[in-house]
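What you see below is based on every heavy atom in this structure, not just the backbone, and it leaves out hydrogens, waters and symmetry mates.
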Amino acid sequence: MNDTFAPATGIGSLPGHDAREAAKTATGSFEDFPFLAELPARGPGADMIGRTAGMLVELYARVEPSGWRLGDRPGRDTKRARAWLGEDLDALEEFTQGYEGPLKVQAVGPWTLAAALELRGGEVVLSDPGACRDIAASLAEGLRLHLAELRRRVPGARPVLQLDEPSLTAVLRGRIRTASGYRTHRAVDRQVVEATLREVAGVHDGGPVVVHSCAPDVPFALLRRAGVAGVSFDFSLLTERDDDAIGEAVEGGTRLFAGVVPGTDTALSDPAGSVMGVRTLWRRLGLRPELLAEAVTVTPACGLAGASPEYARRALAHCVRAASSLADNPE
């Protein structure tokens with residue numbers, strides 16, 4: 001098996017407010033591929049946009065009624081976001097003593113951040129190409145520091161960086177609405193999108209970067225060209241239109257993080273049933289069954305922030321069992 005990754009992991013968010021409980025769940029569920037848990041229920045600064053805004057270097061954001069807006073100096077909201085991240089890292093460090101292996105951390109990618117963060121006038125960063133470049137550069141530097149901190153706290157870890165890009169397809173297709181809501185921002189050129197993702201991913205010094213999107217129409221080919229090592233997606237949203245791009249990704253060595261376990265409370269099928277669609281896809285693409293364990297990591301479909309704590313624990317355990325089923329019975 002490719003030892004860069006492991007057969008199963010989580011996406012990032014979990015329900016609740018307790019950092020130690022979340023770290024215990026994230027590390028205990030995935031002994032060979034834990035992740036840094038996120039707890040958005042704590043409020044602004046723990047949400048995905050606020051958390052990543054707190055990582056930015058020399059750019060600061062605050063909460064306005066309309067969302068997160070760039071400001072001149074670090075205020076209460078930035079300090080809260082950084083404090084919660086520090087608390088989460090403390091908890092992760094406690095539960096990963098002596099750990100060696102892949103360890104995943106998540107941050108919002110440059111394009112979803114540009115589509116969500118507002119400039120001082122209220123329009124989103126996406127409206128200004130120069131501001132987009134500034135955000136990407138600030139994010140890259142912040143991620144470099146974040147990864148260095150992770151290595152310091154968990155010396156045996158091989159960090160995996162996940163960039164959350166749920167708005168990526170909307171950015172590429174010109175579907176991000178203006179502040180008035182009456183128009184949409186023009187589509188960003190695909191080469192610009194690709195180059196920016198490559199730049200931000202490049203801060204990981206050759207380490208693996210995964211891009212996650214639980215939106216439809218994930219641009220697999222663009223992400224592969226941008227140099228990411230893996231693509232994380234909601235498996236239920238795939239259509240046969242995606243087949244060629246997925247086949248090319250697998251043959252090119254890109255890891256598929258297949259989100260097959262629902263992210264909110266529901267009855268779970270047997271583990272083999274959860275990955276039946278993956279086996280069907282493999283057969284349809286004519287890929288070798290023995291490639292499955294090397295090419296697929298099983299995850300929830302998206303974050304688990306909207307689930308009950310009990311379901312979240314069951315869903316993560318289910319991912320592990322489903323991955324075992326896939327490895328044991330690839331046919």
Side-chain angles (χ1 to χ4, degrees), residues 12 35-36 38 45-63 67-90 92-93 103-120 124-155 157-168 171 188 191-212 223 226-229:
F35 63 97
L36 177 64
E38 304 166 358
D47 62 296
M48 60 188 284
I49 299 299
R51 185 178 180 88
T52 301
M55 296 181 192
L56 296 175
V57 173
E58 295 181 359
L59 288 175
Y60 312 104
R62 64 179 186 273
V63 178
W68 284 89
R69 182 172 296 182
L70 293 173
D72 296 321
R73 60 183 67 84
R76 179 182 58 194
D77 299 320
T78 297
K79 291 171 184 170
R80 186 190 297 122
R82 291 176 176 174
W84 272 328
L85 180 58
E87 189 180 306
D88 294 338
L89 285 166
D90 288 344
L92 181 71
E93 183 179 1
L103 175 58
K104 186 165 69 67
V105 294
Q106 306 82 219
V108 175
W111 293 107
T112 295
L113 202 59
L117 277 181
E118 297 174 358
L119 297 166
R120 290 170 181 79
V124 290
V125 167
L126 192 67
S127 65
D128 182 336
C132 288
R133 289 192 291 273
D134 291 344
I135 283 283
S138 175
L139 174 62
E141 184 57 31
L143 290 174
R144 185 180 285 113
L145 296 173
H146 184 46
L147 290 163
E149 177 71 2
L150 184 73
R151 291 187 189 98
R152 184 185 71 76
R153 288 172 176 265
V154 192
R158 297 194 302 274
V160 174
L161 173 62
Q162 175 180 306
L163 297 175
D164 292 322
E165 284 283 16
S167 299
L168 183 58
V171 166
V188 180
Q191 290 183 318
V192 173
V193 170
E194 182 185 322
T196 301
L197 285 168
R198 187 182 298 110
E199 172 197 340
V200 173
V203 304
H204 196 8
D205 298 330
V209 176
V210 176
V211 171
H212 167 70
L223 294 173
V228 306

What's the shortest heavy-atom distance between Pro110 and Val200, and which atoms?
CG-CG2, 3.9 Å
How long is the gap from CZ on Arg51 to CG on Asp164, to the nearest 0.5 Å?
10.5 Å
Worked verdict on His212 versus Leu168 for side-chain contact (heavy atoms from CB on, under 4.5 Å)
CA-CA 10 Å; His212 167 70; Leu168 183 58; over 6 Å; no
Value for CG (Asp128) from CD1 (Ile135), rounded to nearest 0.5 Å, stands at 10.5 Å
Check Leu59, Leu56, Leu126 against Leu117 for a side chain to side chain contact (heavy atoms under 4.5 Å, CB included) and give me the one that passes.
Leu56
Distance col, row Lys104:NZ vs Gln106:CD, nearest 0.5 angstrom, shows 3.5 Å
For Leu197 and Ala226 the tightest heavy-atom approach is CB-CB, 4.1 Å
Not counting sequence neighbours, which residues clear salt bridge (charged side-chain N to carboxylate O under 4.0 Å, His left out) with Asp134? List them please.
none
Does the Ser127 side chain pair with the main chain of Val124, one donor and one acceptor, at a distance under 3.5 Å?
yes
Between Ala107 and Leu143 the two heavy atoms that sit nearest each other are CB-CD2, 3.6 Å
Between Val210 and Leu163, is there a side-chain heavy-atom distance shorter than 4.5 Å?
no
When rounded to the nearest 0.5 Å, the distance separating CE of Met48 from OG1 of Thr112 is 6.0 Å
Would Val188 and Thr196 count as a side-chain contact (heavy atoms from CB on, under 4.5 Å) here? Give the steps.
CA-CA 11 Å; Val188 180; Thr196 301; over 6 Å; no
Does Val108 offer a backbone N or O that forms a donor-acceptor pair with the side chain of Thr52 under 3.5 Å?
yes
Take atom CZ of Arg133 as the centre, draw a 6.0 Å sphere, and report whether it contains more than 12 heavy atoms from other residues, nucleotides or ligands.
no
Evaluate the criterion side-chain contact (heavy atoms from CB on, under 4.5 Å) for residue pair Asp77 and Tyr60; output intermediate values, then yes/no.
CA-CA 9 Å; Asp77 299 320; Tyr60 312 104; over 6 Å; no
Decide side-chain contact (heavy atoms from CB on, under 4.5 Å) for Leu103 and Val160; before the verdict, give the C-alpha distance in whole Å, the side-chain angles of both, and the deciding distance to 0.1 Å.
CA-CA 6 Å; Leu103 175 58; Val160 174; over 6 Å; no
Rounded to the nearest 0.5 Å, how far apart are CZ of Arg151 and CZ of Arg158?
12.5 Å
Just so I know, are the side chains of Leu223 and Glu194 near enough to count as touching, which here means a heavy-atom distance under 4.5 Å?
no
Determine whether a donor-acceptor pair (N or O, by modelled atom type, separation under 3.5 Å) exists between the side chain of His204 and the backbone of Pro159.
yes
Closest non-hydrogen atom pair between Leu119 and Ala131, with its separation
CD2-CB, 3.9 Å
Result block: side-chain N/O donor-acceptor pairs under 3.5 angstrom for residues 69-76, not counting sequence neighbours:
residue: Arg69; atom: NE; partner: Glu118; partner atom: OE1; Å: 2.9
residue: Arg69; atom: NH2; partner: Glu118; partner atom: OE1; Å: 2.9
residue: Asp72; atom: OD1; partner: Arg120; partner atom: NE; Å: 3.1
residue: Asp72; atom: OD1; partner: Arg120; partner atom: NH2; Å: 2.8

Salt bridge (charged side-chain N to carboxylate O under 4.0 Å, His left out) partners for Glu149, two or more places apart
Arg152, Arg153
What are the two closest heavy atoms between Ile49 and Ala116, and how far apart are they?
CD1-CB, 3.6 Å
Check whether any side-chain N or O of Glu165 sits under 3.5 Å from a backbone N or O of Trp111 as a donor-acceptor pair, and report yes or no.
yes
Looking only at atom types and distance, does a side-chain atom of Thr78 sit under 3.5 Å from a main-chain N or O of Gly54, one as donor and one as acceptor?
no
Could you tell me the separation between the CD atom of Gln191 and the CZ atom of Arg198, rounded to the nearest 0.5 Å?
9.5 Å
Quick one: are Val203 and His146 in side-chain contact, heavy atoms under 4.5 Å?
no
